[in-house]
Every structure is written in C-alpha cells, then in structure tokens.
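For reference, the structure discussed in these notes is given below.
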Amino acid sequence: MINKLLVANRGEIARRVFATCRALGVATVAVHSDADADAPFVADADQAVRLPGNTPAETYLRIDAILDAARRSGADAVHPGYGFLAENAEFAAAVTDAGLTWVGPSAKAIAAMGDKMAAKALLADAGVPMLPTWTDPAEVTAFPVLVKAAAGGGGRGMRIVRDAAGLAEAVAGARREAAAAFGDGTVFIERYVERGRHVEVQIFGDTHGTVVALGVRDCSIQRRHQKIVEEAPGVLPDDVRAELHEAAVAAGRAVDYVGAGTVEFLLAPDGQVHFLEMNTRLQVEHPVTELTTGLDLVRLQLLVAEGEPLPVTTTPPADGHAIEVRLCAEDPAQGFRPATGTLHRFAIPGVAAEFGPARGLRLDSGVVDGSTVSVHYDSMLAKLVAWAPTRTEAARALAGALARAELHGVATNRDLLVRVLRSAEFTAVDLDTGFLDRHPEVFAPLLPAEQLPVAALAAALSGAAERRAAAPVLAGLPSGWRNVPSFPQVTRFTVGDGEEIEVHYRLDRTGGLAEWGRKGPLLTDPVEEGSSVNTELPVVELVTATPGRVVLDVDGVRRAFRVHRAGSSVFVDGPDGAASLTELPRLPLPTAELAAGSLLAPLPGAVTRVHVEVGQRVAAGDLLLTLEAMKLEHPVLAPADGVVTELPVPAGGQVETGAVLAVVDPEEDPQ
C-alpha cells in the first residue's frame, strides 16, 4: 500500500496528482527548484524538498537528488508526472532498486518504447502499421519528411523538411533542441503525411495481464508540432476506431504494459492508420478521457502500482464530449514565442472543479494570481477542459469561458484558442495537423484594432476615477473639470509591439463625457497633422466609471469593461476582447538611444550559435544567431538587407529580455 507519494515533477501535473492523493488519503511530497520555491504545487504538498538550482539539469532531471528527497521525506512511492524523467528507464529502475514503489510501467517497457526506432521495429512485428523511416539523412529520397527526436516528445526536436536542401540544417537543429530538452540528441526521419489527423488511444495495463483501451482522442490542432487542442471521443468511423483500439492494445501487450500509456497514430486522408509512437506515461490531455469515461486515471495508476487489478476490462462507452485547450504563456505579437513575467491576475469564470471530474468546466492549473513565469521551464500555464452532452456545446462553453477570462501580466495564446474553437472548420471536424497553416485568420486578436480606442478610453477613465477616489480634497469633482472648458485630459499608452496611442477626453460638471478623441498610428483613417480627434470614432457616453469597472454607451450599445492596474500596466477586459496597455508617464525620463538596426532579445535565454560575423553583408531574413529559451530554439533573423556592425553576445552568452543581440545597419557600405 502506498502511504506517502513523491511527485518528481512540477506545475499543474504535480497539483493534479496531489489532488487524487488527498481524496485517497495518501500523503504527498513535492520537490522543487529555487525558481519554484513559491509555486502553487509546492504549497499543495504535505511536504516539500528543495533541489538547489534552477535549470532542469540542476534539479528535476537529477535522479540522485530526487531519490535523496524521497529518503529524507519518508516517501515510499514515486510518481514521475510527465516530461522530465517520466519516460526515463534508468529513473524507473533506480526507484525500484531503492525499494520504492514506482507509479508507472516497468523500466523494460519504458526502454522498449523510449527508443522510437526499436519501438517501430518491435510493433511492426506485432502487426502495427508503420510509416517509412530513415536514420541516415543520405538515404532519404522522398519528400516531405519529418525530423523527430528519438527520445522525449512535446514537439521538441521536430522539423518538417520539404526538399533535400533543408535536410542537413533541420537535422542539426533538431539534434540540438532534443539534446537540450531530453539530454539525448538522437533523431530519425519519417515520411510526412500531408493533412493527416493526429489520433491517439489511452491504454491501461495491470500486473494481472489486462490491457484495455479507454477510447480515442483527437489531438490534430497543433502549433510547432505541439498539441494545443485535444478532444474525446475523437469523431471517427466505427471501423477506424475499432482498428485503433486493436492496434493500441497489441502495442501494449507486446511489451507487457502496466499502468497508463498512450499509443499515438497518424490517420491519413485515405483512412490508413500509421503508428507514430507510444508514450509510457500519463499524457497532458488525459482529462478529456477522464471526463468522458468517469475514470480517475491517477487513481488507476496508484491501484495498479499497488498490484490491484484494473476495475475495467473493456472499453467503456463515451459519455458526452470533452475538449481541452492548453493555455500557454506565449506572445502573439512575437510569433508566439514563449513569454515570461508575473501573472498579476489569473481568473476563469464558471469553473466547476479543479483537477477532478466536472460536468461543465474543469481547470488544471499550475499558476495562480502572482505566479512568476520563468524562462527555465515549459510555457504551459494551465489546461481548461469543457464537458458537455455534445461536441458543439463543449466547444461553445470552452470558447466563452476563455474569452471572458482575466489573464493579466503575461501574454498568452488565449485569442488563438478561442478563434479555433469558434471556427466553422473546427465545428465541421475538418481537422488535420496542418489546420493552423491553412487558417491564418485564427491568429487575429479577438479585439479588432478599430475597437482599441474605446478600450483605451475605458482605461483612461478608470485611471481618472482612481485618482479622484484618492484625492484628499474635492474628491467629488470630475477629474480635470474646469468652469470654463479648455484643454482636454490626455493619457498616453503603448500597445502591442510599442505603438503609441493618446486618449483625449473632457468631463462635464456632472461627470459625464463631454467629448473625446485620440490620435496615434492605429487610426483607421488618416486625420490632419496634430489633430486629436478622429471623426470616424463612435459616439460614446459615459454611464459609470470606477477604478475597476467602466460602463460606456458606444453607438447606442452599452458595454461594460473590467479594468485592472498593476503599476503602469493596464488590463482591459471587454465584451469583444481584451487589451493590454502600458500607461506612459506624463513627463518621461530620458533614455539611451539604441543604434539603428538593433535586434533585441525577446525573452531571457542563451545564445547557442552565432551564424555571422561583424562586417558581413546579410539579406533580409538571413539567420544571424540562435537563442535558446524555455526549451526551444528561437532564430534571430536580419530585418532588412545591410551589414552586421555589432555582435555583442558570443555563443554561450546569457541575455535578459531587451538585450542587444546584433545590429544590422541598412546604410552601411562594405566598400
């Protein structure tokens, strides 16, 4: 019997396991890096042990440190979560050798499936259908292909290559990324199927010889080969579903599988099923299976680890439909690069349950208000899941909750997720792994640019209300009111990637909005030089304004805006979308002027490779250097034709956000 469980992971998966343990009466132990000392998962555990350092290599990937933490805390079992050491056969063996209960498949099964090439050979012999695969780039003759990491997953170390010219660099880049993420740079090459669907089967095995399929999930909506939307049950013909179940169970039986596992397949447009890989762990998307089967998969993991038989021996029928989205800290204005910072507010309305069964919305989150998103780990903040009797209802409920969520302080992929869920193609189940490439319209922000001025006006009026509420005298007078109208109040903001917008407004003696306007580069129509008013702006009346809530009548339609301030940052959530603004000081301090053509680091990280030299002429789009952050490589490209005049950071150098990485002077003459 398991009495005290150590979870060798972090974030939302650690919290998820702890939730089931609390329900079962199992004591819990967290391990944490220095960066995670104040993280919610640490507070959720009964005990916590520090792993000195910040990077995964210093902390969560250290087998010796985790086993020592188990010894010191008195834990008698270890759950690996997912990621880090979850699919490390050496770790599974070390836990068992230490006399602890390992919550997962055997080290032998992990090793067999962890070597993806060996796994393909083994399962091909078991009759599981395969794609053509190569280990030597020189042997590849047909394109397109997909370069994949032999160890790990999550889309890291993957590259699509459409011709022979790009293969060598893709293999080299995939090797570097795989080595950084998994400690193993081995890659292989697989035939890439255009418009294939990524489907997977949740399997479970016990020590009594049972291996059962628990249904099919569809995980086709992906960006950078990482899943962002998952659902169960996958919408498939009955014969294809049966074939997937049969192949997945055969894969599990081929390695005497015990515990939770996922067998992933690619479904080609012609209906052919091809094995991709087997993940020997609990998956990120396991909640959709839980909500449609009524099973707690973590509870089943613990029962199986204790030697109990599975309480289910056949595939349970699906009850309703569940859809999950991965809410990630990513900046849409920077090509969805991982984002860092402080999460000032994290609030999602209508959540029925956290980390457990829910008829409605379920939230599995690794963050709370005030959490810090660091550069050291994955960018996923939380998973939001909606269950409903039908797929259409689940998608609508999930999109609505996301659209109303207050996500302040760190840029996220929320708007993208909402647009995907509301798209006609998603509703029609017109899905494949290239969905986002074919539908660039879903990358548009929810709040149209022409509606930003009203959101900025709400932010300005909220600020005025806050200042009046704090005024020591005459607090009842409208902000900036004069007996004789003169100059309007002016509030300046930056938005998006630094564009500036000014809001001009004047209140009358009753506190009503007498007039308003704005100027800046976001005008929908040009106005005269120096003008503060755009005649195309809507007619706005002020209904109420408090520091946290502003209600405006916009062209006869009343709209409520929630406004939250954190220092100079102002977050406005309205009925049509959210705006993140930075209020500029009225009297700004002087700052150092950057050289023309300066390329700045979008987030903290390390320069892994410098591809050019000072004095070298480059063309727009040329690769200058590679920045590694949050387990991913980020190419830094020349913005225009010119000459490289500065490279202040050498390969291996660490940088903070905003550091100058390179300077490309478009005016420089190499002669």
Side-chain angles (χ1 to χ4, degrees), residues 1-11 13-18 20-22 24-34 36-37 41-42 44-115 151-152 182-184 204-208 255-261 279-282 297-308:
M1 178 180 292
I2 296 172
N3 294 303
K4 183 182 289 188
L5 179 73
L6 181 148
V7 176
N9 218 294
R10 63 179 300 279
I13 183 55
R15 300 187 77 194
R16 165 69 190 91
V17 176
F18 293 156
T20 289
C21 287
R22 282 194 297 273
L24 297 178
V26 176
T28 55
V29 181
V31 291
H32 67 85
S33 67
D34 292 335
D36 280 338
F41 79 91
V42 178
D44 281 0
D46 297 315
Q47 296 175 278
V49 180
R50 173 182 176 241
L51 303 176
N54 285 318
T55 67
E58 296 172 320
T59 55
Y60 300 105
L61 290 173
R62 283 191 55 192
I63 294 174
D64 60 335
I66 291 172
L67 292 180
D68 181 63
R71 178 187 59 78
R72 287 193 284 153
S73 63
D76 56 9
V78 173
H79 190 299
Y82 45 67
F84 294 132
L85 296 171
E87 294 180 280
N88 186 302
E90 180 186 354
F91 181 48
V95 169
T96 303
D97 291 345
L100 305 172
T101 298
W102 168 250
V103 182
S106 68
K108 181 180 178 181
I110 294 174
M113 294 295 102
D115 183 338
F182 315 119
D184 184 345
F204 232 103
D206 63 20
T207 56
H208 302 271
V255 291
D256 298 321
Y257 199 78
V258 173
N279 291 304
T280 52
R281 54 176 166 82
L282 198 65
L297 298 190
V298 174
R299 172 178 173 268
L300 295 187
Q301 284 186 299
L302 299 180
L303 290 177
V304 166
E306 291 175 329
E308 296 293 326

Rounded distance [0.5 Å steps], CZ in Arg50 versus OG1 in Thr59: 11.0 Å
Test side-chain contact (heavy atoms from CB on, under 4.5 Å) applied to Val17 and Asn9, step by step: CA-CA 10 Å; Val17 176; Asn9 218 294; over 6 Å; no
Apply side-chain contact (heavy atoms from CB on, under 4.5 Å) to residues Asp36 and Leu51 and explain how you reach the verdict. CA-CA 10 Å; Asp36 280 338; Leu51 303 176; over 6 Å; no
Minimal non-hydrogen separation, Phe91 against Leu85, with atom names: CD2-CB, 3.4 Å
Could you check if a side-chain atom of Asn88 sits within less than 4.5 angstrom of a side-chain atom of Leu61, using non-hydrogen atoms only? no
Heavy atoms only: give me the nearest Glu308-Asp206 pair and the separation to one decimal. O-CB, 4.1 Å
Indicate yes or no for a side-chain donor-acceptor contact from Asp34 to the backbone of Pro52 under 3.5 Å, with no hydrogens or angles considered. no
Which pair of non-hydrogen atoms, one from Ala86 and one from Gly81, has the smallest distance, and what is that distance? CB-O, 3.5 Å
Closest non-hydrogen atoms of Val31 and Ala8, given as atom of the first, atom of the second and distance, are CG2-CA, 4.1 Å
Check whether any side-chain heavy atom of Trp102 lies under 4.5 Å from a side-chain heavy atom of Ile110, and answer yes or no. yes
Quick check: do Arg16 and Thr20 have side-chain heavy atoms less than 4.5 Å from each other? yes
Tell me the closest heavy-atom pair linking Ala75 and Leu100, and the distance in Å. O-CD2, 3.3 Å
When you measure from the side chain of Glu87 to the backbone of Thr280, do you find a donor-acceptor pair of N or O atoms at a distance under 3.5 Å? yes
Rounded to the nearest 0.5 Å, how far apart are CE of Met1 and CG of Leu24? 10.5 Å
Is there a side-chain contact between Val7 and Thr28 (heavy atoms, below 4.5 Å)? no
Pairwise distance SG(Cys21) to CG(Asn3) - rounded to 0.5 angstrom: 11.0 Å
Please walk me through it: do Asn54 and Ser33 pass side-chain hydrogen bond (donor to acceptor under 3.5 Å, both in side chains)? CA-CA 5 Å; Asn54 285 318; Ser33 67; 4.5 Å; no
Tell me, yes or no, whether the heavy-atom count around Glu306 atom CD, taken from other residues, nucleotides or ligands under 6.0 Å, exceeds 12. yes
For side-chain contact (heavy atoms from CB on, under 4.5 Å), just list the numbers for Asp44 and Arg22, CA-CA rounded to whole Å, side-chain angles, deciding distance to a tenth of an Å, and then say yes or no. CA-CA 10 Å; Asp44 281 0; Arg22 282 194 297 273; 4.2 Å; yes
Taking all heavy atoms of Phe18 and all of Phe41, pick out the closest pair and write down the distance. CE1-O, 3.4 Å
What do the steps show when you test Leu6 against Val49 for side-chain contact (heavy atoms from CB on, under 4.5 Å), and what is the final call? CA-CA 10 Å; Leu6 181 148; Val49 180; 5.6 Å; no
Should Val103 and Leu302 count as side-chain neighbours, where that means a heavy-atom distance under 4.5 Å? yes
So, the side chain of His208 versus the backbone of Gly307: is there a donor-acceptor pair under 3.5 Å, distance only? yes
Gap between atom OG1 of Thr101 and atom NZ of Lys4 - 0.5 Å precision: 14.0 Å
